[in-house]
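Here the structure is a predicted model, which is why all the values come from computation and not from measurement.
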Amino acid sequence: MGKRVALVLAGCGVFDGSEIHEASAALVHLSRGGAEVKIFAPNIEQRDVVNHLKGCPAEEKRNVLVESARLARGNIQDLAELKASEFDAVIFPGGFGVAKNLCSWAVDGKNCAVNEHVNSTLQAFHSAKKPIGLCCISPVLAAKVFPGCEVTVGQDKNVDGRFPDAETASAIAELGCKHICKNVNESHVDKANKIVTTCAFMCKAPLHEIFDGIGTMVQEVLKLA
């Protein structure tokens, strides 16, 4: 019987929601791993809406659950309905929506607040000793909720211009967590906390390398589940 995995989205689109390639990659690798997946998102208004063609704010409002339904092909539930007892693991793809909608990292950095349902979901899986997978910027959720945990967002220096957001590693360290430097095609496993992270689009890399890195994260999550 396949592992039961909850996938939590933050909207639809890299600049104001979930990163579409990351969400798709996670779903492909979960499918290949024989997992039974259900998708969730918080039923809240997005912090902002970005015109992805022009790269500028749009004067409109959108709902995170409604937008996430685009990625889920309509098969999605309110995050408030997620019960950790019904799943073996949870995974959070990245995208600016994580830092804008699931928490306020985009505005407040390490002083951010985490959405109540995101926080309770993370706490529930952690308390049940069930694995948590996070990629791209989403490891900051674990860093904020679980002081002392180990995560990766890639490198802590902008090596060859490939890691333009390397300062995120320093902010994670300031939260009392340990940042582990990893390449884009690798993931890190915090065995004590059952937290698995990979940098994905925090690195400027070919799409197949990002896809492979997310694959290692999913594989490790399924091993721990």
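With respect to Glu60 and Arg62, a salt bridge is recorded, a charged nitrogen being found less than 4.0 Å from a carboxylate O. By the 4.0 Å N-to-carboxylate-O rule, Asp48 lies close enough to Lys100 to be salt-bridged with it.
Using a 4.5 Å heavy-atom cutoff, the side chains of Asn43 and Leu79 are not in contact. The side-chain heavy atoms of Leu71 and Ile76, taken from C-beta on, include no pair separated by under 4.5 Å. The shortest side-chain heavy-atom distance between Phe125 and Leu82 falls under the 4.5 Å cut-off. Residues Asn185 and Thr216 are not in side-chain contact: their nearest non-hydrogen atoms beyond the backbone lie 4.5 Å or more apart.
Between the side chain of Asn101 and the main chain of Arg47, a donor-acceptor pair closer than 3.5 Å is present. Although no hydrogens or angles enter the test, the distance criterion places no donor-acceptor pair under 3.5 Å between the side chain of Ser138 and the main chain of Leu134. With hydrogens and angles disregarded, a donor-acceptor distance shorter than 3.5 Å links the side chain of His179 to the backbone of Val153. His52 contributes a side-chain N or O that, together with a main-chain N or O of Val50, makes up a donor-acceptor pair within less than 3.5 Å.
With 3.5 Å as the limit, one finds no donor-acceptor pair spanning the side chains of Asn111 and Asp108. A donor-acceptor pair shorter than 3.5 Å cannot be found between the side chains of Ser187 and Thr198. No side-chain N or O of His29 forms a donor-acceptor pair with one of Gln219 less than 3.5 Å apart.
Hydrophobic clustering (ILVMFWY, side-chain heavy atoms < 4.5 Å, transitive): Val196 and Phe87 are in distinct clusters.
The line from CD of Glu116 to OG1 of Thr121 is 10.0 Å long, rounded to the nearest 0.5 Å.
No more than 12 heavy atoms of other residues, nucleotides or ligands sit less than 6.0 Å from atom CZ of Arg70. Applying the 6.0 Å contact sphere to CD of Glu36 captures no more than 12 heavy atoms from other residues, nucleotides or ligands. Counting heavy-atom neighbours within 6.0 Å of Phe96 CZ, excluding the residue itself, gives a total of 12 or less.
The minimum heavy-atom distance between Ala200 and Cys135, with the atom names listed, is CB-CB, 4.2 Å.
Of the candidates Arg4, Lys130, Lys3, Arg4 is the only one forming a side chain to side chain donor-acceptor pair (under 3.5 Å) with Asp88.
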